[in-house]
Every structure is written in C-alpha cells, then in structure tokens.
Amino acid sequence: MKKISVFALAICSALAFGQKVSDYKYILIPEKFETFKNNSYGLGEYLEKALKSKSYVVLPKSIDQWPSEAKDNSCNVLNANILNDKSLFTNKVILQFKDCKNKVVLESKGRSDIKEFEEGFPDALKQALMTVGASNPVAMLPAVQTQVSSVATNNTQVSTPETTTTSSVVPTAGNYTNGKIVVQKIQIDDSQFILAQAGSSVPFAVFKATSRKDVFMVKLADGNMTTGYFENGNIVIDIPQADGKFTKDVFTGK
C-alpha cells in the first residue's frame with residue numbers, strides 16, 4: 001500500500017510540471033506567418049505590442065542581438081506563430097506557442113465577425129491573446145556548452161545546440177542527504193524523478209530533464225522553480241535566495 005501511495009504521489013508531481021507561456025520571458029515572432037502568404041495584416045506588429053504589454057521580451061530577428069540567456073540556451077525561448085483559420089464568413093486565427101522541442105505549450109483560437117481582413121484578423125488575434133497570462137518567468141536554464149549549427153526558421157537563423165558534455169556518474173535510486181534532511185530518490189521515467197522526504201505528502205523536489213544531459217528543471221515543495229544537476233554522483237539543487245542569488249544544496253548518497 002505504501003508503494004502505491006508513493007507511485008501516485010510521483011505521478012501527480014509529474015503532472016504539475018506542465019509548462020505555461022507565462023513561465024517564459026523570451027518570445028520569438030517570425031518575420032512572416034506562412035499560412036497568410038503575402039499579407040499578414042499587421043498581425044506580427046500587433047502580437048509584439050500585446051506581448052510587450054504583458055512583460056514579455058520579444059527577441060529581435062538577428063540572434064546576434066539576443067540577450068545571453070536566450071542566445072546560450074534556446075530552451076529559454078518560446079516560438080510564436082499565427083495560423084490562418086478563416087472560414088467563409090468569419091475571420092479566425094490560431095495563436096500557437098512552441099518550445100525548443102517543437103512541443104505546443106499553448107494553442108488559442110480567436111474569431112471576429114468583422115468581414116474586412118485588415119480589421120477582422122487583428123480583432124480575432126485580440127481574442128486569442130486573452131488566454132495568454134503576463135510573463136512570470138521561472139529560473140532560466142543554464143548556458144549550454146555547444147557546437148552551434150544554424151537552422152533557418154521563417155527566414156530567421158536560430159542556433160540549435162548540439163550538446164557536448166563530459167561523462168558523469170548518475171545517482172542511483174536510494175536515500176540521499178544534505179546533512180540536514182534525508183530524502184529518497186524515486187525515478188518516475190527516463191526524464192523525471194522526485195526527491196521525497198519521509199512523512200511528507202509533498203515531494204521535496206520534482207526534477208524534469210532539460211535539453212542538456214544531467215541538467216534539470218526543479219520544482220521545490222514551496223512552488224519555486226529552479227535548476228538542478230548531477231555532479232560526481234551527487235544531486236545538486238540551486239536554491240533561490242531572497243536577494244536573487246542562489247546557494248548550492250548538495251545531496252550525497254547514504
């Protein structure tokens with residue numbers, strides 16, 4: 001019965017890891033939207049203005065001008081797109097946001113009864129944007145030591161990391177301690193595991209793999225998001241402090 005409870009706890013914790021657009025700070029808008037052919041009716045400019053009003057940073061088209069947080073790890077960037085979903089008498093759009101693995105983080109539909117394209121499509125986009133919350137970004141993923149290859153996406157050169165990492169000792173399932181508490185490492189699947197503290201119904205930390213080997217996004221018991229990684233067989237968590245800095249919390253096997 002105890003094993004079943006732990007498994008259920010692990011699954012619930014994994015589901016809590018769903019990403020939201022508001023988890024991101026940086027968004028890339030393409031120069032043109034393919035389904036609109038030769039005329040996008042000012043939708044790019046409208047989307048950029050709306051996202052900036054929600055505290056997002058819309059990245060310039062040239063990657064050389066990107067902030068280091070975005071340039072050094074493309075998984076800190078969401079890619080926006082607008083699809084033409086027009087029907088015979090209604091202007092309709094689909095607003096999409098995809099992450100660095102091309103996974104749809106949000107898809108929102110909007111429609112307008114205004115028949116003129118120049119007014120109808122922006123009006124439909126305005127409705128689709130209602131589901132996009134203000135930016136409240138989680139901790140940025142660390143820079144990736146890479147050899148960079150350029151991939152053309154909508155006329156924009158986007159750097160795709162080809163991660164090169166040194167081999168490390170992956171911590172096995174079992175008990176670990178940081179000298180203050182003892183936690184159990186429970187592997188959920190190949191990309192997720194939790195650190196569970198005995199007697200607590202909430203995991204101490206939930207780990208989800210990133211694009212870099214042995215580096216994870218971590219959700220702490222208090223709801224804070226941060227990063228974690230493996231180091232010489234240990235599990236390390238960057239613990240956020242009130243002053244914006246981080247301390248290193250190292251868990252070693254018992």
Side-chain angles (χ1 to χ4, degrees), residues 18-138 140-141 146 148-162 211:
Q19 291 286 292
K20 306 185 295 295
V21 175
S22 59
D23 290 340
Y24 289 80
K25 177 180 180 180
Y26 300 106
I27 295 182
L28 179 64
I29 300 175
E31 290 186 24
K32 65 178 182 179
F33 305 109
E34 297 296 335
T35 57
F36 281 87
K37 298 181 180 179
N38 297 325
N39 193 340
S40 59
Y41 307 101
L43 292 176
E45 293 80 1
Y46 188 99
L47 178 59
E48 179 174 353
K49 183 177 180 180
L51 291 174
K52 287 181 176 179
S53 73
K54 295 174 183 282
S55 300
Y56 293 93
V57 175
V58 177
L59 295 171
K61 301 302 182 285
S62 173
I63 195 170
D64 292 335
Q65 300 175 25
W66 288 13
S68 59
E69 289 176 331
K71 185 188 299 183
D72 294 342
N73 195 323
S74 61
C75 288
N76 286 325
V77 180
L78 272 186
N79 295 283
N81 194 19
I82 301 173
L83 305 177
N84 187 343
D85 194 36
K86 184 184 183 304
S87 60
L88 185 59
F89 299 108
T90 307
N91 288 318
K92 297 189 294 183
V93 300
I94 299 174
L95 175 62
Q96 281 186 345
F97 295 92
K98 293 184 178 181
D99 63 14
C100 62
K101 298 180 181 178
N102 208 36
K103 178 183 176 182
V104 176
V105 175
L106 175 68
E107 186 173 277
S108 180
K109 296 184 177 182
R111 54 167 290 162
S112 174
D113 293 326
I114 301 174
K115 294 182 174 57
E116 292 76 14
F117 296 157
E118 290 78 7
E119 297 179 15
F121 278 121
D123 188 53
L125 178 58
K126 179 180 179 180
Q127 185 182 106
L129 279 160
M130 292 177 66
T131 61
V132 180
S135 176
N136 183 25
V138 299
M140 295 291 108
L141 294 175
T146 62
V148 178
S149 62
S150 294
V151 179
T153 304
N154 293 321
N155 297 329
T156 301
Q157 292 294 318
V158 179
S159 294
T160 303
E162 299 173 0
S211 61

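These numbers come from the heavy atoms of this one structure, side chains and all, not from hydrogens, waters or symmetry mates.
Atom CD of E116 sits about 8.5 Å away from atom CG of N91, to the nearest 0.5 Å. The distance from atom CE of M130 to atom CG of L125, rounded to the nearest 0.5 Å, is 12.5 Å. Taking CZ of F33 as the start and CG of N39 as the end, the distance is 12.0 Å to the nearest 0.5 Å. Taken to the nearest 0.5 Å, the OH atom of Y46 stands 6.5 Å off from the CG atom of L129.
Residues S135 and K25 come closest through the heavy atom pair OG-CA, 3.8 Å. Smallest separation of non-hydrogen atoms from A70 and V77: CB-CG2, 3.7 Å. Scanning both residues, I114 and E119, for their nearest heavy atoms gives CG2-CB, 3.9 Å. Looking at every heavy atom in both residues, K115 comes nearest to F89 through CG-O, 4.4 Å. Considering every non-hydrogen atom in both N73 and S211, the closest pair reads OD1-OG, 4.1 Å.
For T131, the side-chain hydrogen bond (donor to acceptor under 3.5 Å, both in side chains) partners at least two apart in sequence or on another chain are S108. Annotation: side-chain hydrogen bond (donor to acceptor under 3.5 Å, both in side chains) contacts of S22 (sequence neighbours excluded): none. Residues that satisfy the side-chain contact (heavy atoms from CB on, under 4.5 Å) test with E107, not counting sequence neighbours, are I94, Q96, V104. Residues meeting the side-chain hydrogen bond (donor to acceptor under 3.5 Å, both in side chains) test with S40, sequence neighbours left out: none.
Residue pairs meeting the ring pair (Phe, Tyr, Trp, His ring centres under 6.0 Å) criterion with at least one partner in residues 98-138, sequence neighbours excluded, are F36-F121, Y41-F117, Y41-F121, F117-F121. Residue pairs meeting the disulfide bond (SG atoms under 2.5 Å apart) criterion with at least one member in residues 88-129, sequence neighbours excluded, are C75-C100.
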>> Please determine whether salt bridge (Lys or Arg N to Asp or Glu O under 4.0 Å) holds for the pair E45 and K49, giving the CA-CA distance in whole Å, both sets of side-chain angles, and the decisive distance to 0.1 Å.
In response: CA-CA 6 Å; E45 293 80 1; K49 183 177 180 180; over 6 Å; no
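With a 4.5 Å cut-off on side-chain heavy atoms, F97 and V132 count as touching. At a threshold of 4.5 Å between non-hydrogen side-chain atoms, the residues K92 and K109 do not count as touching. L47 places a side-chain heavy atom less than 4.5 Å from the side chain of L95. Contact annotation: the side chain of T90 never approaches that of S112 to less than 4.5 Å [non-hydrogen atoms, C-beta and beyond]. For the pair N81 and K98, the minimum side-chain heavy-atom distance is 4.5 Å or more. Looking at heavy atoms from C-beta onward, L59 lies out of side-chain contact with I27 at the 4.5 angstrom threshold.
With D99 as reference, V105 is the one residue of V105, V21, N76, N79 to meet the side-chain contact (heavy atoms from CB on, under 4.5 Å) rule.
D23 and K20 are joined by a salt bridge, as a carboxylate oxygen and a charged side-chain nitrogen come within less than 4.0 angstrom of each other.
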